[in-house]
Amino acid sequence: MKRLLMLAVAGVFALSSTLASASTNEGDRILGEYKAVKDGAVSKVRISKIGDNAYKAQVFWLEKATNADGSLRKDLKNPDPAKRDTPSNQIVLIESVSYDAKECVWKNGEIYDPTSGKVYRTVVDFTEDKTLRVRGYLGPFSKSLYWYKLD
């Protein structure tokens, strides 16, 4: 009887570990490179893992990364003066979001809009297999952008 109880406890532990691992792997679906278009400007964004269940999005290519004189554009509208010297093709758009397996969304993060210098609460999810909907919220109002996964 004691041995049967120990086997049952071990089975429950193994199952809970597998489920926890599966939800983390499910969250990793967001990892990769995406094409983003906002107001006609094209950029490429890389989403990477920064913790157990935390992800960030950073620009790695920008169609119009230079000024007319050939110098790199900077993040001049950033509310953090220490980040204003960041080249526009290295801006972090989402500092951190975490995956919620119940809702199948990445949330609890903020998105930075370098065109305005403002920061909004964000929720991210897939609308199709390779289409990521990135929603920025200001109170009850939201705006959605769509990022397309690159192969």
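For the numbers below, each heavy atom of this structure counts, side chains included, while hydrogens, waters and symmetry mates do not.
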Asks: Please round to the nearest 0.5 Å and tell me the distance separating atom OG of Ser43 and atom CG of Leu93.
Replies: 7.0 Å
Asks: Is the shortest side-chain heavy-atom distance between Asp129 and Arg29 below 4.5 Å?
Replies: yes
Asks: Do Val123 and Val45 sit in the same hydrophobic cluster, where Ile, Leu, Val, Met, Phe, Trp and Tyr count as joined when their side-chain heavy atoms come under 4.5 Å apart?
Replies: no
Asks: Of all the heavy-atom pairs spanning Ser88 and Ala65, show the shortest one and how long it is.
Replies: OG-O, 3.8 Å
Asks: Might you point out which heavy atoms bring Ala54 and Ser96 nearest each other, and give the distance in Å?
Replies: CB-OG, 3.8 Å
Asks: Do Tyr34 and Val134 come close enough that some side-chain heavy atom pair is under 4.5 Å?
Replies: no
Asks: To the closest 0.5 Å, what do you measure between CD (Glu26) and SG (Cys104)?
Replies: 5.0 Å
Asks: I need the Arg133 CZ to Leu145 CG distance, nearest 0.5 Å.
Replies: 11.5 Å
Asks: Whether the side chain of Lys149 engages the backbone of Leu31 through a donor-acceptor N/O pair (distance < 3.5 Å, no angle test) should be reported.
Replies: yes
Asks: Starting at CG of Asn89, measure out to NZ of Lys74 and round the result to the nearest 0.5 Å.
Replies: 9.5 Å
Asks: If we only count heavy atoms from C-beta on, is the Arg135 to Asp125 side-chain gap below 4.5 Å?
Replies: yes
Asks: With a 3.5 Å distance limit and no angle check, can you tell me whether Asn78 reaches the backbone of Asp80 through a side-chain donor-acceptor pair?
Replies: yes
Asks: Taking atom CD1 of Ile94 and atom CD1 of Ile111, what is their separation to the nearest 0.5 Å?
Replies: 4.5 Å
Asks: Do Ser48 and Lys56 come within less than 4.5 Å of each other through their side chains, counting heavy atoms only?
Replies: yes
Asks: Hey, is the main chain of Gln90 close enough, under 3.5 Å, to the side chain of Gln58 for a donor-acceptor pair?
Replies: yes
Asks: Quick one: does Tyr146's side chain get under 4.5 Å of Val37's, heavy atoms only?
Replies: no
Asks: Are Phe126 and Trp106 close enough that their ring centres sit under 6.0 Å apart?
Replies: yes
Asks: Quick one: do Trp147 and Val124 satisfy side-chain contact (heavy atoms from CB on, under 4.5 Å)? Show the steps, please.
Replies: CA-CA 10 Å; Trp147 296 355; Val124 180; over 6 Å; no
Asks: Looking at side-chain heavy atoms only, is the closest gap between Tyr99 and Asp28 below 4.5 Å?
Replies: no
Asks: What residues, two or more places apart in sequence or in another chain, satisfy ring-ring contact (aromatic ring centres under 6.0 Å, His included) together with Tyr148?
Replies: none
Asks: What distance separates Asp100 CG from Lys107 NZ, expressed to the nearest 0.5 Å?
Replies: 4.0 Å
Asks: How would you list, by chain and number, every residue that makes a side chain to side chain contact (heavy atoms under 4.5 Å, CB included) with Thr66, sequence neighbours excluded?
Replies: Leu72
Asks: Is Ser98 close to Asp52 at the side-chain level, that is, under 4.5 Å between some pair of heavy atoms?
Replies: no
Asks: Side-chain contact test, heavy atoms from C-beta onward, threshold under 4.5 Å: evaluate it for Arg73 versus Leu62 and give yes or no.
Replies: yes
Asks: Consider only side-chain heavy atoms of I, L, V, M, F, W and Y, link residues closer than 4.5 Å, and tell whether Val105 and Tyr137 are in one cluster.
Replies: yes
Asks: How would you list all residue pairs meeting side-chain hydrogen bond (donor to acceptor under 3.5 Å, both in side chains) that involve residues 110-120, not counting sequence neighbours?
Replies: Lys38-Asp113, Lys38-Thr115, Asp75-Tyr112, Asp113-Thr115, Asp113-Ser116
